[in-house]
Student: 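Have a look at this one.
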Amino acid sequence: MKQEKKADNKILRFLGFDADFKSALPSMIHYNWAVFLANGSFYIIGLFLIPFLTKVEGLSTAQAGIVALCAKLCDAVTDPIMGIITDRTRSRFGRHRPWLIAGLVPVMFTYFGMWYSFGISNAQSSIKMVYFTGMYMLFSTAYTMVVVPHTAMLPVLAPKYNLRTQYNSVKTIIDAIGTEGSFIIATLILSYTAKAGKSVFSNALSAFGNTPQFDPSFKGRFMVMGLVLSLFFTLPLLATFFGTREPSSKNDRFPPFSFKEFLREYKSILSSKAFRQYFTLSLFNCLALSFISNTSYYFLDNVAGMVGLYAITTIIAQAGEAAGFPLNYAISIHFSKQAPAKIELPFIVLALGLSFFVHKGSPTLLLILVYIFYNFGLAGVNTVTGNIFPDITDVDEMISGERREGKIATFSTLIKKIISGISAALTGFILHFFGFNPTAAENTPTALFGVRFTYAILPIAFICVSIFAAYRYKMKKSDHALIIKAIREKKEKGFVTLNEAEKQTCAEIAGHRFEEMWIGK
């Protein structure tokens, strides 16, 4: 029995576990149920919103781009405000956890409203554009109410370096369940057609192999999809709320709010060298992925002539991304948290390069290879951005002496939402500039080049910047341990006892002279 326990402990140490896995696992699972909303909702928006607005609701590509852009401009205001609010929340449930419940109903209603126009579908396109812009803005605000606090909870729940990687590894699995599940639901609702002589199961299978051309007759199907997915994304928030625990903040005291102090704090966060490197990696990666997602349907339909394979290729891609989890976890534990991006981001460039050889009449295998290589690379970079975010909060505390998870989490959600909006708008404007018509039977070679430009050329440039940022980020496990040790000593004694080499390490990671930071004063 003792030998078995020793063997188990060796395995756990090899995997890098910082805590008793059996006691930590339930919290990891419950915390990550909220990822259904955090990632799944925008995954479906990225895949279907622009085709829905242009092919079903009759907006032009430029109008669809304006919907996304205007909706995201408000995030520049709401996200920083929510970062301040969650960091200053007083509750027996903690600073961040109560917002999971507060935002549940607003998220549910507004997500449904993004796919159903409540009887104005026959109005002028300008009126529909205003409606969908307003509903998208409301959804983004409700999303912010939940996702900023949820992101800010992770450094509190998982204070240790490797434990954070384990939380994010569980996130990878649950994220795959959420995105794959939401896409399967959407596909069944949008593509299912009952054919005589076939069973329900056979008809369901055929839905995945034959994605239809969307047109105004699909309004009812998108309404049902919006209703079902609004429940699919929000009900798991209850599991996260009831399955996690956060220290009470009921008796916390905060200084009076000051707009000047508000600006100073965000400027202070941006002054962190480690944060700027993380921000650059996340920003350009998100730009690339948003352009690809916004153009994917048009690429398959108008360039490859394989829109019927939209569902099956997307499912293959999601499965490929999830399959990369064990490899990325091992690389993160035994090398560094940024290593998966260094190794796998070039595969996205390879995939987009192969896409230039895809055209009508190309072998289906070539298209599948594009999706496999693309999602292999995507798995790596998503692992990295999730893993290094909590460590950034510790670098910020070393600089400022404050715990500001909410404000830092703001940047994480702000990147995803504003960039997705800007890229959607630019996609619409660029395609419009090249003369692309989403409802035309045939488009000109110039218009098809516009699709390739937004699907591959721009994303390749952005991914190259992300690769550069991944190499610039230097913090290792030993560096993080040094920072945590120094913070603890500073709080206990009022000063730190580090040698010159250790001080230089802290200064290099933070981008500040040691004496200028809270840790060195």
Student: Going by heavy atoms in the side chains, are Glu344 and Leu327 under 4.5 Å from each other?
Tutor: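 Result yes, sub-4.5 Å side-chain heavy-atom pair found.
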
Student: Could you check whether any side-chain heavy atom of Arg245 comes within less than 4.5 Å of a side-chain heavy atom of Arg97, counting everything from C-beta outward?
Tutor: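 In short, these two side chains touch, coming nearer than 4.5 Å.
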
Student: Flag the pair Lys273 and Glu508 as a salt bridge only when some basic side-chain nitrogen lies within less than 4.0 angstrom of an acidic carboxylate oxygen.
Tutor: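 So Lys273 pairs with Glu508 through a salt bridge.
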
Student: How many angstroms lie between CH2 in Trp518 and CD in Glu402, if you round to the nearest 0.5 Å?
Tutor: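 Reported value, rounded in 0.5 Å steps: 10.0 Å.
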
Student: First locate atom CZ of Arg488, then atom NZ of Lys493, and finally report the distance between them rounded to the nearest 0.5 Å.
Tutor: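 With rounding to 0.5 Å, CZ (Arg488) is 11.5 Å from NZ (Lys493).
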
Student: State, with a plain yes or no, whether a side-chain heavy atom of Asn375 is found less than 4.5 Å away from one of Ile372.
Tutor: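 With C-beta onward as the side chain, the pair stays apart.
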
Student: Taking the side chain from Arg95 and the backbone from Thr86, do they hold a donor-acceptor pair closer than 3.5 Å?
Tutor: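 Checked: no pair found.
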
Student: Any idea how Phe183 and Tyr43 line up, ring-wise: parallel (<30°), tilted (30 to 60°), or perpendicular (>60°)?
Tutor: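 The arrangement is perpendicular - the two ring planes meet at more than 60°.
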
Student: Would you please test Asn294 and Thr454 for side-chain contact (heavy atoms from CB on, under 4.5 Å) and show each step?
Tutor: CA-CA 9 Å; Asn294 289 327; Thr454 55; over 6 Å; no

Student: Taking Asn285 for its side chain and Leu281 for its backbone only, find out whether a donor-acceptor pair lies under 3.5 Å.
Tutor: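 Absent.
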
Student: Does atom CZ (Arg88) have a neighbourhood of more than 12 heavy atoms from anything else shown, all under 6.0 Å?
Tutor: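 Atom CZ in Arg88 is packed in, count exceeds 12.
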
Student: Would you say Glu246's side chain and Gly94's backbone share a donor-acceptor pair under 3.5 angstrom?
Tutor: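 Not at all, since once roles are kept as given, no pair shorter than 3.5 Å links the two residues.
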
Student: Is the shortest side-chain heavy-atom distance between Tyr31 and Val170 below 4.5 Å?
Tutor: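 No - every pair of side-chain heavy atoms lies 4.5 Å or more apart.
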
Student: Backbone N or O of Met28 within a donor-acceptor pair of the Asn32 side chain at under 3.5 Å?
Tutor: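 Yes; judged by distance alone, with no hydrogens or angles, the pair exists.
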
Student: Taking Thr240 for the side chain and His30 for the main chain, is one N or O donor matched with an acceptor at less than 3.5 Å?
Tutor: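 Yes: the side chain of Thr240 pairs with the backbone of His30.
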
Student: Is a side-chain donor or acceptor of Asn499 paired with a backbone partner of Glu502 at a separation under 3.5 angstrom?
Tutor: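 Looks like yes, one N/O pair under 3.5 Å.
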
Student: To the nearest 0.5 Å, what is the distance between CG on Asn387 and CG on Asn328?
Tutor: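 These two atoms lie 9.0 Å from each other.
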
Student: I'd like to know if the side chain of Thr393 and the backbone of Pro390 have a donor-acceptor N/O pair within less than 3.5 Å.
Tutor: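 Judged by distance alone, yes, a pair lies under 3.5 Å.
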
Student: Measure the acute angle between the ring planes of Phe139 and Phe42, then classify it against the limits of 30° and 60° as parallel, tilted or perpendicular.
Tutor: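 Rings of Phe139 and Phe42: tilted, as their planes differ by 30° to 60°.
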
Student: Looking at CG of Asp479 and NZ of Lys474, how far apart are the two atoms once the value is rounded to the nearest 0.5 Å?
Tutor: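 Those atoms lie 11.5 Å apart.
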
Student: So do Phe93 and Ile101 actually touch side chain to side chain, heavy atoms under 4.5 Å?
Tutor: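 When only atoms from C-beta onward are counted, Phe93 and Ile101 do not touch, as no gap falls below 4.5 Å.
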
Student: What's the spacing between Ile368 CD1 and Tyr371 OH if we round to 0.5 Å?
Tutor: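 One gets 10.5 Å once the value is rounded to the nearest 0.5 Å.
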
Student: Have a look at Phe233 and tell me which of Tyr111, Phe36, Tyr143 forms a ring pair (Phe, Tyr, Trp, His ring centres under 6.0 Å) with it.
Tutor: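 Of the listed residues Tyr111, Phe36, Tyr143, the ring pair (Phe, Tyr, Trp, His ring centres under 6.0 Å) partner of Phe233 is Tyr111.
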
Student: Quick one: does Ser296's side chain have a donor or acceptor within less than 3.5 Å of a partner on Ser293's backbone?
Tutor: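 Between the backbone of Ser293 and the side chain of Ser296 there is no qualifying donor-acceptor contact (under 3.5 Å).
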
Student: Is there a side-chain contact between Thr505 and Ile509, using heavy atoms and a 4.5 Å cut-off?
Tutor: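 Side chain of Thr505 against side chain of Ile509, heavy atoms only: contact under 4.5 Å found.
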
Student: In the structure I gave you, are the side-chain heavy atoms of Ile185 and Met225 within less than 4.5 Å of one another anywhere?
Tutor: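 No, every pair of side-chain atoms sits at 4.5 Å or beyond.
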
Student: Taking the side chain as every heavy atom from C-beta outward, state whether Tyr473 and Ile392 have any atom pair closer than 4.5 Å.
Tutor: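 They are in side-chain contact.
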
Student: Please check: side-chain N/O of Ser290 versus main-chain N/O of Leu287, any donor-acceptor pairing under 3.5 Å?
Tutor: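 Checked: no pair found.
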
Student: Is a side-chain N or O of Ser272 found less than 3.5 angstrom from the main chain of Ser268, in a donor-acceptor match?
Tutor: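 Judged by distance alone, no pair lies under 3.5 Å.
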
